[in-house]
Amino acid sequence: MKLEEMRKMTPSDIDKKINECKDELFTLRMQLSTGTLRETHKIHELRKTIARLKTVKREIENGGN
């Protein structure tokens with residue numbers, strides 16, 4: 001997801017997307033612990049996406065860009 005797309009979302013949409021990403025991150029971590037995860041880079045990508053979403057949400061709440 002690109003930053004421009006994130007900035008067009010409403011705060012409630014951002015919250016939903018954060019929860020979806022957290023659920024997916026949990027699933028990936030479980031796969032990692034059981035040894036069935038092949039694409040370990042996805043964990044890093046999801047963590048970055050969650051951080052970006054939280055940053056954009058904070059920007060929206062503060063009224064700035």
Problem set entry | Any residue meeting side chain to side chain contact (heavy atoms under 4.5 Å, CB included) with T36, in chain and number order, not counting sequence neighbours | Q31, T34
For this session: Give the intermediate values and the outcome of side-chain contact (heavy atoms from CB on, under 4.5 Å) for residues M9 and K57.
Result: CA-CA 9 Å; M9 297 171 74; K57 182 180 175 194; over 6 Å; no
Problem set entry | For E4, all residues meeting side chain to side chain contact (heavy atoms under 4.5 Å, CB included), sequence neighbours excluded | K2
Donor-acceptor pairs are to be reported for all side-chain atoms of residues 46-56 against protein atoms at under 3.5 Å, with residues two or more places apart or in another chain.
residue, atom, partner, partner atom, Å
T49, OG1, E45, O, 2.9
T55, OG1, A51, O, 2.9

Problem set entry | Reported CE-to-NZ distance for the pair M6 and K17, which is rounded to 0.5 angstrom | 8.5 Å
For this session: Any chance you could measure R29, atom CZ, to T40, atom OG1, to the nearest 0.5 Å?
Result: 13.0 Å
Exercise. How many angstroms lie between CG in L25 and CD1 in I18, if you round to the nearest 0.5 Å?
Worked result: 12.5 Å
Exercise. At what distance, to the nearest 0.5 angstrom, does CG of L28 lie from CE of M30?
Worked result: 11.5 Å
Problem set entry | Distance in Å, E61 CD paired with I14 CD1, rounded so as to fall on 0.5 Å steps | 8.5 Å
Exercise. Could you walk me through whether R7 and E59 pass the salt bridge (Lys or Arg N to Asp or Glu O under 4.0 Å) check?
Worked result: CA-CA 9 Å; R7 287 197 170 120; E59 287 175 355; 3.3 Å; yes
Problem set entry | Atom NE2 of H41: over 12 foreign heavy atoms under 6.0 Å | yes
Exercise. Does any donor atom in the side chain of D13 or T10 lie under 3.5 Å from an acceptor atom in the other side chain?
Worked result: yes
